[in-house]
Amino acid sequence: MDNVNKTLYIPLYGKAFVSRKNIILKDKKAEEIWEKEKFSLKGKSKSKWLAYYMGMRSAVFDSWVNDQMSVMDDSVVIHLGCGLDSRIDRIEQKYHIWYDVDFPEVIKERKRYFLENSNYHMLSADVRNPDWLRNISENSNAIIVMEGVSMYISTEDLKMIMRSISDHFSNIHILMDCYSVFAAKMSAVKNPINDVGGAIVYGMDDPTELEDHTGISFVKEHEFTPHSLIDELHGIEKVIFKKLYAGKISRKTYRLYEFMKTSG
């Protein structure tokens, strides 16, 4: 895999780590894949604090997806830049049509661990090329997950993706995590992705930038490290995480934005 694709091992490790500790997120598939892959992480990329962060991020996305699926029961769910994430196994509701989309080499790896069926499909594609949408079954409603992917896509390409999605669906809900501009600038020296080879990253402080001629509107910013998940940490780790990695400190580097489009 190239350096961008190798970054998928960081959240995979984080989810396996918290799952083994039986906190934040239960993800047996992440545990299984991590044990078999035995990918070598080093430095910040294998920090327990980053692992807690990755687990919390996924738990927040899971909760949001479940909420959206309960309201939009006739929607398709699309995870762009899915990596080796096993959200399809973690969600409570199983009756939606679901598409996991990523680069061909990632999907090839993914198919070693996941099986397609009538409701679940894996698409090999560069999400910046809108041709992947031709493979999505006709449906006017979509729930779009963009976890851990926007920071590797320029703002102009993100707008293009938004426009393509907007042209294809009438009603859309999107949850997307982003680096701040500060975090993108600091990534050359402090980003854990450098420990797996590094990649060019982008940041965004103003989510309304993505509204420009896309037909999609910014809704609100979500909390990355909610108290309910921090409280699952134990002892001094909870205190340290709350003081050094949560709240305003977290927001300085990471943002979680929700977007939507409605036909009505």
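Numbering starts at 1 and runs along the sequence shown. Keep in mind it's a predicted model, so treat the numbers as computed, not measured.
Using a cut-off of 4.0 Å between Lys/Arg side-chain N and Asp/Glu carboxylate O, Lys159 and Glu156 are scored as salt-bridged. A salt bridge links Asp85 to Arg90: at least one charged side-chain nitrogen sits closer than 4.0 Å to a carboxylate oxygen. The pair Arg87-Glu147 meets the salt-bridge criterion, with a side-chain N (NZ, NE, NH1 or NH2) lying under 4.0 Å from an Asp/Glu carboxylate O.
Not one N or O on the side chain of Glu209 forms a donor-acceptor pair closer than 3.5 Å with the backbone of Met204. Without hydrogens or angle criteria, Ser70 side chain to Asp67 main chain gives a donor-acceptor distance under 3.5 Å. A donor-acceptor pair under 3.5 Å links the side-chain atoms of Asp177 to the main chain of Gly148, judged by distance alone. A donor-acceptor pair under 3.5 Å is formed between the side chain of Trp132 and the backbone N or O of Val127. A donor-acceptor pair under 3.5 Å is formed between the side chain of Asp102 and the backbone N or O of Gly83. In this structure a side-chain-to-backbone donor-acceptor pair under 3.5 Å is present from Lys261 to Ser166. Put simply, the side chain of Asp100 never gets that close to the backbone of Leu123: no donor and acceptor are under 3.5 Å apart. Side chain of Asn171 to main chain of Ser263: a donor-acceptor pair is present (N/O by atom type, distance under 3.5 Å, no hydrogens or angles). A donor-acceptor pair under 3.5 Å is absent between the side-chain atoms of Ser75 and the main chain of Ala142, judged by distance alone. Of the possible polar contacts, one joining the Asp205 side chain to the Val181 backbone as a donor-acceptor pair under 3.5 Å is found.
Figure legend: cation-pi geometry between Lys29 and Phe114, with NZ or CZ positioned under 6.0 Å from the six-membered ring centre and within 45° of its axis.
Summarising the geometry of Asn66 relative to Glu92, their closest heavy-atom pair is OD1-N, 3.2 Å, with the distance given to 0.1 Å. When all heavy atoms of Phe224 and Met56 are compared, the pair lying nearest together is O-CB, 4.0 Å. The two residues Arg128 and Pro130 make their nearest non-hydrogen contact at O-CD, 3.5 Å. Heavy-atom minimum distance, Ile136 versus Phe169: CG2-CZ, 3.9 Å. In terms of heavy atoms, Tyr120 sits closest to Leu115 at CD2-O, 3.4 Å. Heavy atoms only, all atoms of each residue included: Ser86 and Ala30 are closest at OG-N, 4.3 Å.
Between the side chains of Glu31 and Ser19, at least one donor N or O lies within less than 3.5 Å of an accepting N or O.
The closest side-chain heavy-atom distance from Arg255 to Arg251 is below 4.5 Å. Inter-residue side-chain proximity for Ser217 and Phe259 is flagged as unmet; no heavy-atom pair is nearer than 4.5 Å. A heavy-atom distance below 4.5 Å is not found between the side chains of Glu258 and Ile174. Two residues are said to be in side-chain contact when any heavy atoms from C-beta on lie closer than 4.5 Å; Ile143 and Val76 fail this criterion. In this structure, the side chains of Leu256 and Arg57 stay at 4.5 Å or more apart for every pair of heavy atoms.
One hydrophobic cluster holds both Met160 and Met162 under the rule that ILVMFWY side chains link at heavy-atom gaps under 4.5 Å. Hydrophobic clustering (ILVMFWY, side-chain heavy atoms < 4.5 Å, transitive): Met146 and Phe61 are in distinct clusters. Connection of Leu80 to Val145 is not established within any shared hydrophobic cluster, with ILVMFWY side chains joined at heavy-atom distances below 4.5 Å, either directly or through further cluster members. Under the 4.5 Å side-chain heavy-atom criterion for ILVMFWY residues, a single connected hydrophobic cluster contains both Leu210 and Val149. Both Leu8 and Trp34 sit in one connected hydrophobic cluster of ILVMFWY residues. Membership requires side-chain heavy atoms under 4.5 Å apart, directly or through other members.
In this structure, the separation between CG on Asp212 and OG1 on Thr214 is 7.5 Å, given to the nearest 0.5 Å. Atom-to-atom distance recorded for Ile10:CD1 and Met54:CE is 8.0 Å, nearest 0.5 angstrom. Put simply, CG on Asn117 and CD1 on Ile88 are 7.5 Å apart, with the number rounded to the nearest 0.5 Å. Distance check: His173 NE2 to Thr262 OG1 gives 7.5 Å after rounding to the nearest 0.5 Å. Taking CG of Asp27 as the start and CG of Leu12 as the end, the distance is 8.0 Å to the nearest 0.5 Å. The CD1 atom of Ile97 sits 5.0 Å away from atom NE2 of His121, with the distance rounded to the nearest 0.5 Å.
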Steps toward salt bridge (charged side-chain N to carboxylate O under 4.0 Å, His left out) verdict (Arg112, Glu37): CA-CA 11 Å; Arg112 296 172 55 208; Glu37 289 294 328; 2.9 Å; yes
Trace of the ring-ring contact (aromatic ring centres under 6.0 Å, His included) decision for Tyr202 with Tyr179: CA-CA 7 Å; Tyr202 304 88; Tyr179 282 164; over 10 Å; no
Working for side-chain contact (heavy atoms from CB on, under 4.5 Å), residues Ile144 and Tyr99: CA-CA 10 Å; Ile144 311 288; Tyr99 296 89; over 6 Å; no
Stepwise salt bridge (charged side-chain N to carboxylate O under 4.0 Å, His left out) test for Lys28 and Glu32: CA-CA 6 Å; Lys28 286 296 184 182; Glu32 172 196 344; over 6 Å; no
Test log, rule side-chain contact (heavy atoms from CB on, under 4.5 Å), inputs Val60 and Ser63: CA-CA 5 Å; Val60 170; Ser63 177; 5.9 Å; no
Trace of the side-chain contact (heavy atoms from CB on, under 4.5 Å) decision for Met69 with Tyr95: CA-CA 9 Å; Met69 290 173 71; Tyr95 52 85; 5.5 Å; no
Cys82 and Val101: CA distance, side-chain angles, deciding distance, side-chain contact (heavy atoms from CB on, under 4.5 Å) verdict: CA-CA 6 Å; Cys82 59; Val101 186; 5.7 Å; no
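In this pair, Tyr257 and Phe218 present their aromatic rings perpendicular. The plane angle is above 60°, beyond the 30 to 60° band.
Open room surrounds NZ on Lys108; 12 or fewer heavy atoms of other groups in view lie less than 6.0 Å from it.
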Acceptor/donor pairs from residues 229-248 side chains to any protein atom, 3.5 angstrom cut, sequence neighbours excluded:
residue, atom, partner, partner atom, Å
Glu232, OE1, Ile24, N, 2.6
Glu237, OE1, Tyr52, OH, 2.6
Glu237, OE2, Lys48, NZ, 2.7

